[in-house]
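Below is one structure, written out as structure tokens; the observations come after it.
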Amino acid sequence: MKRIITMLLLTCLLLALPVPAAAAGESDHTEGGKDMNIHQYGFHVENGVIMLEGKPFYGFGVNYFGAFTHYEDGYLPDPQVFKDGFAGMAEHNIPFVRMALGYYPSFYARYDEDPQGTLAKLREVLDAAEGQHVGVILSLFWHDAALPEHVGDKRADMGDTESRTVAYAMEFTETIVKEFADHRALWGWEIGNEYNLDADLCDRNLQGFLPGGFTFDNPSGRDYFTSGETAFFFEAVASTIREYDGYRMISNGCSEMRTCAWNMHKATVRLKKDHLWDINWNQDTRTDFERIVALYTPDSVDTVSFHFQSGSSGAAEPSYTLSYPVFAGEEALTVPGFLDAYVQAAKSAGKALYLGEFGDFRDMESAEDCPEMFRTLCGWVSDAGIQIASLWQFQDYTDSGVGAQKLDILAELNASLQAEGKLYTDVAWGLAEPETQPETTDGEEADSDEATTAVTGSEGCRSSAGVWPL
């Protein structure tokens, strides 16, 4: 019976596409007074625009994967490491970081054994970020395989409303959000990291497409999961967040879509009772692309996420990636065209847009012109109208080599945004009072110098991103 209920719920979710624009950006203060972000801290989405303390926000951040994970797991147990890291971010004018909670199943085992100890360590990290005026976008369930393995489920159980995976995820989410809803350094929530790249992959021989470093005894079809099951999990987590935080931005954490992602999704409707199907590798159209972006951004998720790297990987002749053959029947896109495709897809879904990882040039990192190419890439991101983007550079903070050069460039760009009034954080850190709006009478609207408008901008089935290995 529970399988029937789950399939009905998944069917309802898929029939709801495309996601209506009106669902995005609305503050959902739930009945019963559960909403605990009473000060309305952090990023907030209104009509597809990312706001901070009532103003549209623009800025470049950095991924700081290890700030909490490497402290919590004992790899870098000295808290001075992440304190120095946040200080370095502040010195380089970095307004926010994207940070993971954990990677392997062992994280959840340690949490179960000592939840208060884990929460205390996370508070230490968030307090250090607040002390340096660096906001944090917190990714709750970084790797798709970790939680199901911890509870003894299969990855497909992310789509089962009665599974241990979903129950644990909702309970864990409730605990984390309730504990930190009133923390000033918490600027946004994220559900996971690049789940879309592992979804809709199926190997009938049960040998491929399983993530390394995880245990899959007697693999079955349910060790593979679908985009529909992923969307179900995203909605379950996001709706739980919304019960206790009706304000902050919620990102799905997806990477760029595979160029056949919608066709792969459609193939999963033919899965059998053994949860196996035949993959459809045919290239998507632009309309298909917008459909799959909407699928991965269900109602309670207000922010589309995407990642991409800009260099070749293991190539005989390394080069920058400047051409993206994305859509069937269309010429390859330039980088600006590729970015604009995501801007338009987010607008079509009525959602905000977050470039969660960019700036990793892979085997071009050591090229002499890498810093200048990074500056050019940042310009393309800005020109596309993308409000927030995070450099993929650090598991742990470093200010040497090309990473330091990239930080210097971001410091300069963020300073320019500050001068233009687009990057303003004083109110967020309690250093200034929020601007008051003129009083209005019935039938009148207050004049505003800064209108809130939606952001605008100008090979085979591939993806340039992947799950970050530890």
Would you please indicate yes or no on a ring centroid separation below 6.0 angstrom for [Y] and [X]?
{"X": "H143", "Y": "F214", "value": "yes"}
{"X": "F394", "Y": "Y397", "value": "yes"}
{"X": "Y64", "Y": "F82", "value": "no"}
{"X": "F306", "Y": "Y342", "value": "yes"}
{"X": "W142", "Y": "F107", "value": "no"}
{"X": "F308", "Y": "F358", "value": "no"}
{"X": "F96", "Y": "F43", "value": "yes"}
{"X": "H150", "Y": "Y168", "value": "yes"}

Quiz item: Is it true that a side-chain atom of D157 and a backbone atom of R164 form a donor plus acceptor pair closer than 3.5 Å?
Solution: no

Quiz prompt | Backbone of Y41 reached by a side-chain donor or acceptor of R184 within 3.5 Å | solution = no

Self-check item: Parallel, tilted or perpendicular, as decided by the 30° and 60° cut-offs, for the rings of Y195 and F234
Solution: tilted

[X] atom [atom1], neighbour heavy-atom count above 12 within 6.0 Å:
{"X": "F216", "atom1": "CZ", "result": "yes"}
{"X": "E113", "atom1": "CD", "result": "no"}
{"X": "E433", "atom1": "CD", "result": "no"}

Quiz item: So, S227 and D200: side-chain donor and acceptor under 3.5 Å apart, yes or no?
Solution: yes

Quiz item: Among side-chain atoms of Y354 and S390, is any donor-acceptor pair under 3.5 angstrom?
Solution: yes

Does [X] come within less than 4.0 Å of [Y], counting only side-chain N to carboxylate O?
{"X": "R155", "Y": "D223", "answer": "no"}
{"X": "K121", "Y": "E72", "answer": "no"}
{"X": "E124", "Y": "K83", "answer": "no"}
{"X": "R242", "Y": "D302", "answer": "yes"}
{"X": "D245", "Y": "R248", "answer": "yes"}
{"X": "E365", "Y": "K406", "answer": "yes"}

Quiz item: Y71 pairs by side-chain contact (heavy atoms from CB on, under 4.5 Å) with which of L76, D396, V125?
Solution: V125

Self-check item: Heavy-atom pair with the smallest gap, counting every atom of A428 and W187
Solution: CB-CZ2, 4.2 Å

Self-check item: Closest contact, heavy atoms only, Y424 versus A432
Solution: OH-CB, 3.4 Å

Quiz item: What do the steps show when you test E412 against N93 for side chain to side chain donor-acceptor pair (under 3.5 Å), and what is the final call?
Solution: CA-CA 8 Å; E412 177 186 331; N93 208 21; over 6 Å; no

